[in-house]
Amino acid sequence: SKEELLSFVIKCANFAAEKHRNQRRKDIAQTPYINHPLGVANILIQEGNVFEPVVILAAILHDTVEDTDTTFAEIEKEFGHKVCQIVQEVTDDKTLSKAERKRLQIEHAPNISREAKLVKLADKLYNLRDLEKSVPIGWTNERVKEYFEWAKAVIDGCRQTNPALERELDILFARNCDTI
Ligand code: NDP
Ligand code: ZN
């Protein structure tokens with residue numbers, strides 16, 4: 001029902017807010033971390049025209065396992081198998097080195113589900129817009145550039161999924177990546 005869906009969305013936003021409560025983004029303003037997952041879900045709805053509840057819930061939860069003590073078991077119990085599966089598909093294995101994690105994102109992107117690709121498109125769009133607005137403390141322009149190039153390689157594996165989101169990403173890539 002409508003009531004059930006709305007209840008799930010708010011429970012999910014509250015869960016993510018509690019989990020991320022001590023975290024901040026890397027921007028100079030040290031924005032509360034929860035702005036990011038909520039912003040990713042908002043991009044999916046307002047710009048991507050994505051209204052599938054499992055995708056929106058997965059977007060809100062997408063960094064909880066990677067960045068907090070949250071387990072997949074907890075997500076499955078509270079939000080169900082499908083949401084948990086999407087979150088798993090967009091979660092890096094933190095036992096691997098940063099370089100390996102970044103390489104695997106490029107390698108795995110073409111093989112993830114359509115739902116996981118939607119979350120990835122919105123996640124990268126949010127992060128790249130953040131980077132264009134303000135360079136994180138300690139980041140050189142070269143590092144920002146490398147991040148854009150890497151994000152483009154990941155997104156190239158997620159294409160033909162959502163034209164509106166891909167168009168917005170391409171605007172950012174045109175300004176910040178080397179052209180072929
Ligand atoms: P990080 O992975 O450390 O940081 C980027 C991630 O931080 C984003 O993917 C995003 O992830 C999160 N994030 C938080 N706040 C912001 C924000 N304001 N804007 C954008 N993203 C934000 O950085 P790198 O991707 O650079 O990863 C490290 C890699 O960088 C290493 O592999 C190394 O090769 C390279 N490196 C390069 C240096 C250089 O000077 N060239 C120096 C050091 C490392 P989320 O969506 O999960 O929140
Ligand atoms: Zn994210």
Side-chain angles (χ1 to χ4, degrees), residues 12-13 15-48 50 55-70 72 75 79 83-84 86-109 112-113 115-158 161-162 165 168-169 171-173 175-178:
C12 183
F15 179 95
E18 292 281 350
K19 292 297 191 176
H20 290 299
R21 70 182 179 277
N22 295 319
Q23 298 174 322
R24 294 291 178 275
R25 298 286 289 167
K26 293 172 179 172
D27 61 337
I28 314 269
Q30 298 196 287
T31 305
Y33 195 88
I34 189 63
N35 284 47
H36 167 66
L38 293 181
V40 170
N42 193 52
I43 285 174
L44 283 166
I45 290 177
Q46 313 298 334
E47 300 185 62
V50 175
V55 176
I56 300 307
L57 295 182
I60 294 171
L61 297 167
H62 82 273
D63 280 325
T64 56
V65 177
E66 200 170 293
D67 297 339
T68 78
D69 64 6
T70 309
F72 290 123
I75 296 209
F79 306 104
V83 170
C84 182
I86 301 167
V87 174
Q88 276 194 54
E89 289 182 280
V90 300
T91 298
D92 285 353
D93 179 349
K94 280 222 161 168
T95 68
L96 304 174
S97 71
K98 265 197 158 184
E100 182 71 352
R101 272 141 64 184
K102 294 191 97 76
R103 193 185 67 72
L104 286 175
Q105 278 204 35
I106 299 172
E107 191 178 304
H108 290 161
I112 64 179
S113 67
E115 292 87 347
K117 284 179 182 175
L118 286 169
V119 174
K120 261 199 189 289
L121 289 167
D123 183 34
K124 293 290 185 275
L125 182 52
Y126 188 103
N127 283 336
L128 296 175
R129 282 175 173 167
D130 246 10
L131 278 184
E132 254 198 356
K133 264 184 283 181
S134 124
V135 175
I137 303 160
W139 283 44
T140 60
N141 290 334
E142 185 57 30
R143 182 167 176 183
V144 174
K145 172 77 160 41
E146 277 172 27
Y147 189 92
F148 269 95
E149 297 286 353
W150 165 75
K152 181 172 185 303
V154 177
I155 292 307
D156 281 343
C158 299
T161 304
N162 185 287
L165 298 184
E168 285 301 308
L169 282 157
I171 294 170
L172 288 157
F173 294 144
R175 277 201 293 266
N176 296 282
C177 293
D178 295 323

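Note that ligands are numbered from 1 as they come in the structure, with each ligand's atoms numbered from 1 the same way. These numbers come from the heavy atoms of this one structure, side chains and all, not from hydrogens, waters or symmetry mates. Numbers here simply count residues along the sequence, with the first being 1.
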Hey, could you give me the CD1/NE2 distance between Ile75 and His62, rounded to the nearest 0.5 Å?
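Ile75 atom CD1 to His62 atom NE2 measures 11.0 Å (nearest 0.5 Å).
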Nearest to the Zn ion (ligand 2) - the N/O/S atom of [X], by atom name:
X      : value
Asp63  : OD2
His36  : NE2
Asp123 : OD1

Closest non-hydrogen protein atom to atom 43 (C) of ligand 1, residue and atom name please, with distance?
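Protein heavy atom at minimum distance: Arg143 NH1, 3.5 Å.
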Tell me which protein heavy atom sits closest to atom 32 (O) of ligand 1, plus the residue, atom name and distance to 0.1 Å.
Lys102 CD, 3.5 Å
Mark whether atom 17 (C) of ligand 1 lies under 4.0 angstrom from at least one protein heavy atom.
yes
Within the protein, is there a heavy atom lying under 4.0 Å from atom 23 (O) of ligand 1?
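True for atom 23 (O) of ligand 1.
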Phe79 and Phe15 aromatic ring geometry - parallel, tilted or perpendicular at 30°/60° bounds:
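The arrangement is perpendicular - the two ring planes meet at more than 60°.
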Is [X] touching ligand 1 with its side chain, its backbone, both, or neither, if touching means heavy atoms under 4.0 Å apart?
X      : result
Trp139 : side chain
Asn127 : both
Thr31  : neither

Should we say atom CG of Asp93 is surrounded by more than 12 heavy atoms from elsewhere, each under 6.0 Å from it?
yes
